[in-house]
Each structure stands twice: as C-alpha cells, then as structure tokens.
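Convention: sequence-line order gives letters A, B, ...; per-chain numbering from 1.
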Amino acid sequence: MIPVEEQLRVITSGAQNIVPLEDLRKKLEQDRPLNIKLGVDPTSPDLHLGHAVPLRKMRQFQDLGHHVTLIIGDGTALIGDPSGKNTTRPQLSSEQIAQNAQTYVDQAVKILDPEKLTICHNAEWILSMDLKKLLEVCSRFTVARILERDDFTKRYNAKTPIALHEFLYPVMQAYDSVVIKADVEMGGNDQLFNLLAGRELMEKMGMEPQICLTMPLLEGIDGVRKMSKSYGNYIGLTDSVDDMFGKTMSIPDEMIVRYMRLASPLSVDEVDAIEQGLADGSCDPNAEKRHLARALCDMYHGAGEGEAAEERFNSRFRDHEMPENIAEHPCELGETVYLPALLKEVGFAGSSSEGRRLIDGGGVKLNGEALPGGTYEVEGASLDGAVLQAGRLRYVRIVRK
RNA sequence: GGGAGUGUGCCCGAGUGGUUAAUGGGGACGGGCUGUAAACCCGUUGGCUAUGCCUACUAAGGUUCGAAUCCUUACGCUCCCA
C-alpha cells in the first residue's frame, strides 16, 4: 500500500469532517485494507450527483486498496432517518424499499469498483433481532445523549412530536457498524451525529471505534442551494448524456473545482493543478468546465460519450444549428392556423395568451425565420413539415395529421 | 379557555372606498451580448382568435352608485396570556 501521508492527501481532499484525524492515521499505519462503510437509505429512487459525493470518496478508498461495504438500509428505512427533518417521516412499504434499493445499487456500481465491494442489507440483522439483543444495544445509549441531537432538541423544544421509535434510528445505524466491523464510516455532513453514535457503541462493546468521515453537501447547478430534487437544481445520475453535459455547462464558474473535487473521477493531483490554474489565470474556465462535463458523462454513460455529447452541444448551443432529430407533432391544419393555440398545443406556451406574447417578443421562429410581432394567423399549408421553434432550445416539426 | 394580529398574482411584498389586471423586488420566460457561467441592456409575466370581453387580492355573504380596501361568518397562519 502506498505511504500513509499520500493516502491521507487523497482521503482528506474535499472531506468536511474527519473525527478524529489522528486515529485515522493510526489505522492507516496498520497497513491493511480498511473496511469502509456507507449506509444508504433506500427512501428515494432517483439519485443525483449530490448522492454520488460519498460514493466517489469510497471509490478513492478502493483505489488506495481498501475495502468498501455498502449497507442498504432496508431495515432502518422502516424507521426513517430523523436527520434534518422536523417531522416524523412516513414509513415506506417493503416493496417500495426493495425497488429503491435495487436502483441505488445499479447507480452505485457505476462509481464503485465491484471487485472491492460488499453489499449488505441491514434488514438481515435488524429485523431478526430479538428483544434481548435490542435491549442490550439500547442500554449503551442514554436518553440525554440521543436528545442532544440537534434535530431532536429542536423538535422537542418546538413541541413537535417525536415518536419513540425514532430514537432507534441512530442506535440501529450504530449497530450496523458493530456487525460489519467498520473502520471508517462515511456520510454527508448531516449524518455526523449518526456516525458518532456508531463510534460510541463500538467502543462500549469493546471494539476499536470507527472513524467518522463526512463529505459536504454539494450545491446544485444554481450554485447556491444544496442539490435536491425538490429544488430542481440537480444533475440526475440517469439523466441523458446531453442533459448531463448541458446542465454541467450551466453551473457557475465558482463551482467548477468543487464539482471536480467532490463529484468527478478526476484525481486529486489533477484537481489541485486545475484549481491553481484557475486561480492564477493559466486555465480557461470554459475549457475546464467542458473537461468536467466530459468526465461526468464518461463516468455515467461510458468512455467517449462525453466527447460525443460535447460535439452535439457545440452544434446546438454554440453554433445554434438545428438539432438532427426533431420530434414530430401531427395536428389538424386548416386553411389558416391560429399560432398561439398551436404553441399551447405543442407545450411551448402554457396558454394561448402566453403564445401571443412569445410571438410578440420575437421568440418564435418558423423554419429558422423569426416571426414579426402580431403574426398570429399562418397559412395551414405552409406549416406542413415546417420546424416551429420557441426560444433557442425548443423545436418541434409540424406535420399534417 | 382568554386576548391580539394576519391572509394580495410563481415567491416575497406595497396598496386601506373610485382611471387598477393592481407599485416594487426575486424568480421565470423571450430578445441583445455570450462560454446554456457571471455581469450588463431591453421586453414579457390572469384568461380569451382580443382596439373588446371575462375572471381576479383565502372562501361565502353583506354595506355602497362603486370594495383588495368597510362589516359578518368560515377556514388557514402568527403571537401573547392561562
């Protein structure tokens, strides 16, 4: 295995919290493959780049020669993680959980090396636990210790209900670490409390306690709020290559290095060099953003896909060429066609009034020619086979039904 | 249980009887510029085949020639006291 200091440079790159760093060094000095744990909650089927951040860090551990254990929290999902929530989470059905878990694994193996990966389902040991065992584990925690947790404190003070079973979430997650004998547990920074509970439980049960390593929560493509499906600022791992490339190109320049470091497969050395280059002006931000976009597309869609996506991107967005494949929209074409209604019909406008405004604002083109304001009526025959365009991005080919 | 507020368009927020589809900001969309970044400039942001018509300021009633603005009730939210 490579020298400890080298390993630490890779491991600490982009990490938010390592508790305690000194103990991590000691573990690495044992010069053996460490067991790195990441628990995932299969509560949502769609993964985005933010979810990939801890997975990327896991991959770096693998590349350094360590072993990774991915725990599918199909047992803990029945409880629902209280992290960052101010209400009790709804409990999911087992079918839903199983389905989400499968999607998660499908995505995760695109990032992780399957050779150095163990996947477990914690329902295996959590749901089969008998009361005696449960009591033994629970006795290691005090109520005060669990209540210390910020989320609980807030809810308790705010008098919002905390169901008794929610106390068990950190306890069960901690028990996972005991079962798989974790050396390091990873998570987003909001997971720190849960990770620390694992450290505590292991110590109380006479084991060498795990190291807690948290990663920052990645900002979305707006560069401000954390990446989240509900904010609509996410890059989905299953997004099409073109979407993935395009969305990446729209992130603020300030986010380039952060995305590279946290979510891309670029090496720490490369990222360090680029960061330096961007700071002193010897690297071009646009070129580096393209570099990032290609790297992400290659990782999720296969080698070479990034370059292909870039070419399409150039033709469409830089050179403003019409895309090759334009969806066809069959519709009735009378003698004359009321264009605002057609814009509404094809989904370019929410109402025909909005369609009118779009035309008046010069945003509507027919076969590449901008229509002058007030052009609401168009000859039906001239529309057959014509390309209708709204703004720079939306195209549709009109054909007679 | 008692008391005080408050509810406006996608969001925030002006407006306290009369040229009001309702000031302003954010967001979004369109145009220019361009690197689908930032910054900047301009336009649009209730519906309707439309110099007009219709529906709108939580909901339902009421007062008035006239209501987002006043009154009543309901619902939602906030705060204080017990």
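A donor-acceptor contact closer than 3.5 angstrom is absent between the side chains of A/D269 and A/S267. Between the side chains of A/Q62 and A/H67, no donor-acceptor pair of N or O atoms lies under 3.5 Å. In this model, no donor atom of one side chain and acceptor atom of the other lie less than 3.5 Å apart for A/N35 and A/D183. A donor and an acceptor atom, one from each side chain of A/R290 and A/N314, are located under 3.5 Å apart. Donor-acceptor pairing under 3.5 Å is recorded for the side chains of A/Q7 and A/H66. For the residue pair A/T214 and A/Q16, no side-chain donor N or O sits within less than 3.5 Å of a side-chain acceptor on the partner.
Nucleotides B/G47 and B/A37 are separated by 37 Å at their C1' atoms, to the nearest Å. Atom P of B/A59 sits at a distance of 15 Å from the matching atom of B/G76, rounded to the whole Å. Nucleotides B/C54 and B/C70 place their C1' atoms 27 Å apart, quoted to the nearest Å. With both ends at atom P, the span from B/G26 to B/C77 equals 31 Å, rounded to whole Å. One C1' atom belongs to B/U20, the other to B/G30, and the distance between them is 26 Å to the nearest Å. Distance noted for atom P between B/U44 and B/C12: 24 Å (whole Å). The same atom, C1', is picked in B/U69 and in B/U6; the two are 15 Å apart, to the nearest Å. Between B/C57 and B/A14, the distance separating the two C1' atoms is 12 Å to the nearest Å.
None of A/M202, A/R140, A/Q210 except one satisfies the side chain to side chain contact (heavy atoms under 4.5 Å, CB included) rule with A/V178; the exception is A/M202. Evaluated for a side chain to side chain contact (heavy atoms under 4.5 Å, CB included) with A/L296, the options A/T248, A/D239, A/L237 yield exactly one hit, A/T248.
Side-chain atoms of A/D360 and base atoms of B/G43 include no donor and acceptor less than 3.5 Å apart.
For the pair A/R356 and A/Y376, the cation sits on the ring face: its NZ or CZ lies under 6.0 Å from the ring centre, inside 45° of the axis. Both tests hold for A/K247 against A/Y234: distance to the six-membered ring centre under 6.0 Å, angle to the ring axis within 45°.
Counting non-hydrogen atoms of other residues, nucleotides and ligands closer than 6.0 Å to CD of A/E377 gives a total above 12.
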Tabulated below should be each protein N or O lying under 3.5 Å from an N or O of nucleotides 51-53 of chain B; please produce it.
none

Give every pair of a protein N or O atom and an N or O atom of nucleotides 9-13 of chain B that lie under 3.5 Å apart, one pair per line with the distance.
none

Under 3.5 Å between N/O atoms: give me all the protein pairs with nucleotides 29-34 of chain B, atom names plus distance.
from, atom 1, to, atom 2, distance (Å)
B/G30, O2', A/G361, O, 3.2
B/G30, O2', A/G363, N, 3.4
B/U34, O4, A/R392, NH1, 3.0

Polar atom pairs (N or O), protein with nucleotides 55-57 of chain B, under 3.5 Å:
none

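Considering every non-hydrogen atom in both A/L342 and A/I398, the closest pair reads CD2-CD1, 4.1 Å. The shortest non-hydrogen separation linking A/L358 to A/A390 is CD2-CB, 4.1 Å.
Residue A/S351 places at least one side-chain N or O under 4.0 Å from the OP1 or OP2 atom of B/C48. Within the 4.0 Å cut-off from OP1 or OP2 of B/U49, at least one side-chain nitrogen or oxygen of A/S352 is found.
Between A/E332 and A/R400, no side-chain nitrogen of the basic residue sits less than 4.0 Å from a carboxylate oxygen of the acidic one, so the salt-bridge criterion is not met. Contact check on A/E29 versus A/K26 returns no salt bridge, with no Lys/Arg side-chain nitrogen under 4.0 Å from an Asp/Glu carboxylate oxygen. A/R9 has no carboxylate O lying under 4.0 Å from a charged side-chain N of A/E5, or vice versa, which leaves the two without a salt bridge. Using a cut-off of 4.0 Å between Lys/Arg side-chain N and Asp/Glu carboxylate O, A/E354 and A/R357 are scored as not salt-bridged.
The closest donor-acceptor contact from the side chain of A/D360 to the backbone of A/G374 lies under 3.5 Å. Counting only distance, with no hydrogens or angles, the side chain of A/H121 and the backbone of A/A123 share no donor-acceptor pair below 3.5 Å.
A/L343 places its CG atom 14 Å from the C1' atom of B/U49, with the value rounded to the nearest Å. Taking atom CG of residue A/N286 and atom C1' of nucleotide B/A39, one finds them 16 Å apart after rounding to whole Å. Atoms NE2 (A/H291) and P (B/G35) sit 20 Å apart, rounded to a whole Å. As rounded to whole Å, 18 Å separates atom C1' of B/G35 from atom CE of A/M255. When the P atom of B/G35 is taken as reference, atom CE of A/M249 falls 10 Å away, rounded to whole Å. Note: NZ (A/K247) to C1' (B/U36) measures 13 Å, nearest angstrom. Distance CG (A/L292) to C1' (B/A37): 12 Å, rounded to an integer number of Å. Between the NZ atom of A/K289 and the C1' atom of B/U36 there is a distance of 9 Å, given to the nearest Å.
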Decide yes or no on salt bridge (charged side-chain N to carboxylate O under 4.0 Å, His left out) for A/R59 and A/D63, but give the supporting numbers first.
-> CA-CA 6 Å; A/R59 173 61 191 247; A/D63 292 343; 3.0 Å; yes
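Within 4.0 Å (heavy atoms only), A/S250 reaches sugar-phosphate atoms of the nucleic acid but no base atom.
Counting heavy atoms from C-beta on, the side chains of A/M1 and A/R32 never come closer than 4.5 Å.
Non-hydrogen atoms lying under 4.0 Å from RNA chain B are contributed by A/F313, A/F317, all within residues 294-317 of chain A.
Among B/A50, B/G35, B/U45, the nucleotide with an atom closest to any side-chain atom of A/R357 is B/U45. In this structure, of B/U49, B/G35, B/C48, it is B/U49 that holds the atom nearest to the side chain of A/E377.
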Based on Watson-Crick and G-U pairs with both distances under 3.5 Å, what dot-bracket line describes RNA chain B 5' to 3', crossing pairs as [ ] and inter-strand pairs as |?
-> ((((((((.[[[..)..(.....]]]((((((.......))))))(((...)))...[[[[[..)....]]]]]))))))).
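Nucleotide B/U49 carries an anti base; the chi torsion (O4'-C1'-N9-C4 or O4'-C1'-N1-C2) is more than 90° from 0.
In terms of position along RNA chain B, the nucleotide closest to A/I256 lies nearer the 5' end than the nucleotide closest to the other residue of the pair A/R356 and A/I256.
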